[in-house]
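Throughout, numbering of the chain's residues begins at 1 and tracks the sequence.
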Amino acid sequence: MGWLSRFVVALLFLAIGIIFSPETFKSSNSDSSSLSTILKLSHLLCFSTAWGAALWATFIGGIIMFKNLPRHQFGNLQSKMFPAYFTLVGVCCGVSTASFGYLHPWKSSSSTEKYQLGFLASAFLFNLSNLLVFTPMTIKMMKQRHKVERENNIGEEVGWTKNKEVAKTNPQLAAMNKKFGMIHGLSSLANLLSFGCLAMHSWYLAGKLNL
């Protein structure tokens, strides 16, 4: 099934959910009520998408790939996935922030709501910094390091690298490792902080549910 077919199926299920929602059959002439429902739906869908994508990419998918792919192949795959990942999560965080901010105007919001808006905005900014700054730098540095590693016949191993052993006698590789580690560390930190902000908002949403 291609991506277009999957998208159409997802829209179909969404349409069915809207049609059979109890609110659909209530007579209401209030445009503001309809707008509020749309914004709440946008917020919920985008937040859940961002949360699920971040959970999978950070704690599941990346680890599985690292343990089963040759290291250079793993790095090249991540260089294609991360821009798409940070774009997806960034857009979802942006929509969630805008929806929540519209539903809870700053001047009339409680302190809790202001904190939640801050968490969502921070998650958006962390993803934006990764997309525009850290990820391009990391990919560029990775490709340069791959070239040096291939010259030393390393990088095709699965899992933990032989890089450190070679770097002991190769000052160029050692310098690259240090720079790559710093940039990649900042990228990972931004990703974890974004995930933490989303986690804080999930706790807030759980408190609002009536099950």
Side-chain angles (χ1 to χ4, degrees), residues 2-4 6-7 10-11 14 39-102 115-147 149 155 159 161 163 176-205:
W3 69 268
L4 182 58
R6 291 194 291 267
F7 182 69
L11 286 181
L14 176 60
L39 289 173
K40 289 178 181 179
L41 177 64
S42 299
H43 175 70
L44 182 61
L45 290 179
C46 287
F47 169 78
S48 59
T49 299
W51 169 261
L55 179 66
W56 175 263
T58 305
F59 300 106
I60 303 173
I63 295 174
I64 292 174
M65 288 187 287
F66 176 76
K67 290 183 176 181
N68 291 277
L69 291 176
R71 193 165 56 81
H72 281 186
Q73 186 177 340
F74 165 73
N76 289 329
L77 178 60
Q78 293 288 72
S79 72
K80 303 299 182 183
M81 291 183 61
F82 275 151
Y85 162 64
F86 289 125
T87 298
L88 172 65
V89 178
V91 168
C92 286
C93 287
V95 173
S96 290
T97 303
S99 300
F100 191 85
Y102 188 91
Y115 277 122
Q116 293 306 315
L117 184 60
F119 286 134
L120 290 170
S122 296
F124 170 72
L125 292 175
F126 285 134
N127 278 281
L128 194 65
S129 66
N130 246 326
L131 177 64
L132 300 180
V133 182
F134 299 131
T135 295
M137 293 173 65
T138 302
I139 293 173
K140 181 180 179 180
M141 195 68 227
M142 180 200 72
K143 290 181 177 179
Q144 294 175 356
R145 191 170 73 156
H146 280 188
K147 182 179 178 181
E149 288 178 331
T161 176
N163 175 292
M176 285 184 169
N177 286 346
K178 184 176 180 180
K179 186 175 180 179
F180 178 82
M182 180 185 68
I183 298 171
H184 187 263
L186 289 172
S187 177
S188 298
L189 177 61
N191 184 53
L192 286 173
L193 288 173
S194 171
F195 183 82
C197 289
L198 293 175
M200 294 298 293
H201 191 62
S202 69
W203 182 264
Y204 166 83
L205 290 179

N/O donor to acceptor pairs below 3.5 angstrom from side-chain atoms of residues 137-146, sequence neighbours left out:
{"residue": "Thr138", "atom": "OG1", "partner": "Phe134", "partner atom": "O", "Å": "2.7"}
{"residue": "Arg145", "atom": "NH1", "partner": "Asn177", "partner atom": "OD1", "Å": "2.9"}

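To the nearest 0.5 Å, the span separating NE2 on His43 from OG on Ser48 amounts to 9.5 Å. Interatomic distance, Asn68 CG to Ile63 CD1, rounded to the nearest 0.5 Å: 11.5 Å. Rounded to the nearest 0.5 angstrom, Leu192 CG and Cys197 SG are separated by 11.0 Å. The CG atom of Leu45 lies 7.0 Å from the OG atom of Ser42; values are rounded to the nearest 0.5 Å. Summarising the geometry, atom CG belonging to Asn76 is positioned 11.0 Å from atom CZ belonging to Arg71; distances are rounded to the nearest 0.5 Å. Atom-to-atom distance recorded for Thr135:OG1 and Phe86:CZ is 4.5 Å, nearest 0.5 angstrom.
Shortest non-hydrogen contact noted between Tyr102 and Leu39 is CD2-CD1, 3.0 Å. Residues Phe195 and Ala54 come closest through the heavy atom pair CD1-CB, 3.7 Å. Looking at every heavy atom in both residues, Pro83 comes nearest to Leu131 through O-CD1, 3.6 Å. When all heavy atoms of Cys46 and Cys92 are compared, the pair lying nearest together is O-CB, 3.3 Å. Closest approach of Gly62 to Phe74, counting heavy atoms only: O-CE1, 3.6 Å.
Here the side chain of Ser202 pairs a donor or acceptor atom with the backbone of Ala199 at under 3.5 angstrom. Side-chain atoms of Ser99 never come within 3.5 Å of backbone atoms of Ser96 as a donor-acceptor pair (strictly under, hydrogens ignored).
Proximity of Cys93 to Leu198: side-chain heavy atoms (C-beta onward) are separated by under 4.5 Å at one or more points. With contacts defined as side-chain heavy-atom distances shorter than 4.5 Å, the pair Phe119/Gln116 qualifies.
Listed by first then second residue, pairs satisfying side chain to side chain donor-acceptor pair (under 3.5 Å) with a partner in residues 183-195 read Thr58-Asn191, Tyr85-Asn191, Asn127-Ser194, Asn130-Ser187, not counting sequence neighbours.
If you run ring-ring contact (aromatic ring centres under 6.0 Å, His included) between His201 and each of Trp51, Phe100, Tyr115, only Phe100 comes through.
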